[in-house]
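In this chain, numbering begins with 1 at the start of the sequence shown.
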Amino acid sequence: MSDFFKPGDGSILTIQFPSTHLKTTTMNTPTASVAGLVLYSPAPQALATFYERAFSFTLEAASHGHMGQHFEGQLNGLHFAIWDNQKGHATSSLVPTFKVRSIREAEPELLAAGASVTHRPIDLGEGKRVAGYVDPDLRHFRLIEFS
């Protein structure tokens, strides 16, 4: 077992980084936490079944706003979703989503750091809004806010 991967307490896997790899940084962007991971698949039902069996958590069919059906659940407080990559909004196979107090407040800092907007905020219903971006290496990520 490497120094980076250690068994967790109640989790399948905990990733631990030695303190020499960590750097304390103060961020002006009002990021509260990593809110979720979104996977895209040509066979979302089969992939949802795989993750349910492999990691013993439930993914249920869901639909928010006009985005269509997908599968979602919570894994130790992290939103985990699987979408059909044929629905037209797949950007890559894995898209991290960061929870912020306000997309409007967070966006200027992201743009100044080199991010680009891929889609403006979309109302998902249930008090949730999500916006899409790419980092300087063109990796997609999203911001989500809850009202």
Side-chain angles (χ1 to χ4, degrees), residues 4-6 8-17 21-147:
F4 295 99
F5 300 101
K6 306 265 186 215
D9 189 23
S11 330
I12 300 299
L13 178 68
T14 300
I15 301 174
Q16 297 179 338
F17 295 96
H21 293 247
L22 297 178
K23 177 179 165 186
T24 302
T25 305
T26 301
M27 293 179 63
N28 294 328
T29 304
T31 302
S33 64
V34 174
L37 293 175
V38 179
L39 303 177
Y40 290 91
S41 171
Q45 175 67 67
L47 192 60
T49 300
F50 165 79
Y51 278 101
E52 286 179 325
R53 292 183 70 195
F55 296 105
S56 300
F57 70 104
T58 302
L59 292 167
E60 297 178 349
S63 181
H64 308 288
H66 64 280
M67 299 303 293
Q69 185 173 338
H70 60 285
F71 298 91
E72 67 178 25
Q74 294 286 319
L75 180 60
N76 293 328
L78 183 72
H79 177 78
F80 191 94
I82 300 174
W83 289 82
D84 187 330
N85 65 4
Q86 301 302 312
K87 296 291 183 187
H89 54 86
T91 54
S92 67
S93 60
L94 175 66
V95 179
T97 303
F98 299 93
K99 180 181 174 186
V100 295
R101 288 187 304 269
S102 165
I103 292 171
R104 183 180 49 78
E105 291 175 16
E107 186 173 280
E109 182 82 17
L110 294 174
L111 299 178
S116 299
V117 175
T118 59
H119 69 79
R120 291 287 170 200
I122 297 169
D123 185 354
L124 300 177
E126 302 174 353
K128 298 183 269 188
R129 289 176 10 117
V130 65
Y133 304 87
V134 291
D135 68 19
D137 287 340
L138 302 179
R139 282 183 297 267
H140 290 260
F141 67 96
R142 296 195 177 119
L143 297 183
I144 191 167
E145 68 181 25
F146 302 91
S147 59

Just to verify, what does F80 make a ring pair (Phe, Tyr, Trp, His ring centres under 6.0 Å) with, not counting sequence neighbours?
Y51, F57
side-chain contact (heavy atoms from CB on, under 4.5 Å) between L47 and Y40: does it pass, once the steps are laid out?
CA-CA 9 Å; L47 192 60; Y40 290 91; over 6 Å; no
Go through the structure and list residues passing side-chain contact (heavy atoms from CB on, under 4.5 Å) with Q74, not counting sequence neighbours.
H79
Determine whether V34 and K99 satisfy the following criterion, side-chain contact (heavy atoms from CB on, under 4.5 Å), listing intermediate values before the conclusion.
CA-CA 6 Å; V34 174; K99 180 181 174 186; over 6 Å; no
Closest non-hydrogen atom pair, A106 against V100:
CB-CG1, 4.1 Å
With E126 via salt bridge (Lys or Arg N to Asp or Glu O under 4.0 Å) - residues at least two apart:
K128
If we ignore hydrogens and angles and just use 3.5 Å, is the side chain of H70 paired with the main-chain N or O of A81 as donor and acceptor?
no
Go through Y133 and H140 one step at a time and tell me if the side-chain contact (heavy atoms from CB on, under 4.5 Å) criterion holds.
CA-CA 6 Å; Y133 304 87; H140 290 260; over 6 Å; no
To the nearest 0.5 Å, tell me how far D84 CG sits from F71 CZ.
9.0 Å
Restricting to salt bridge (Lys or Arg N to Asp or Glu O under 4.0 Å), what partner residues turn up for R120, sequence neighbours left out?
E107
If you look at every heavy atom in S63 and Q69, which pair is closest and at what distance?
OG-N, 4.2 Å
When you measure from the side chain of E52 to the backbone N and O of L59, does any donor-acceptor pair fall under 3.5 Å?
yes
Please walk me through it: do L37 and L78 pass side-chain contact (heavy atoms from CB on, under 4.5 Å)?
CA-CA 8 Å; L37 293 175; L78 183 72; 3.9 Å; yes
Judged by atom type as modelled, is there a donor-acceptor pair below 3.5 Å linking the side chain of T97 to the main-chain atoms of L143?
no
State which residues pass ring pair (Phe, Tyr, Trp, His ring centres under 6.0 Å) with F50; sequence neighbours excluded, sorted by chain then number.
none
Would you give the length of the straight line joining atom CZ of R101 to atom CZ of F146, rounded to the nearest 0.5 angstrom?
14.5 Å
What are the two closest non-hydrogen atoms of F141 and L110, and how far apart are they?
CE1-CD1, 4.0 Å
Considering all heavy atoms, the nearest P42-N85 contact
CA-OD1, 3.4 Å
For D135, what residues pass the salt bridge (Lys or Arg N to Asp or Glu O under 4.0 Å) criterion, not counting sequence neighbours?
R139
Is any side-chain heavy atom of R129 less than 4.5 Å from a side-chain heavy atom of I144?
no
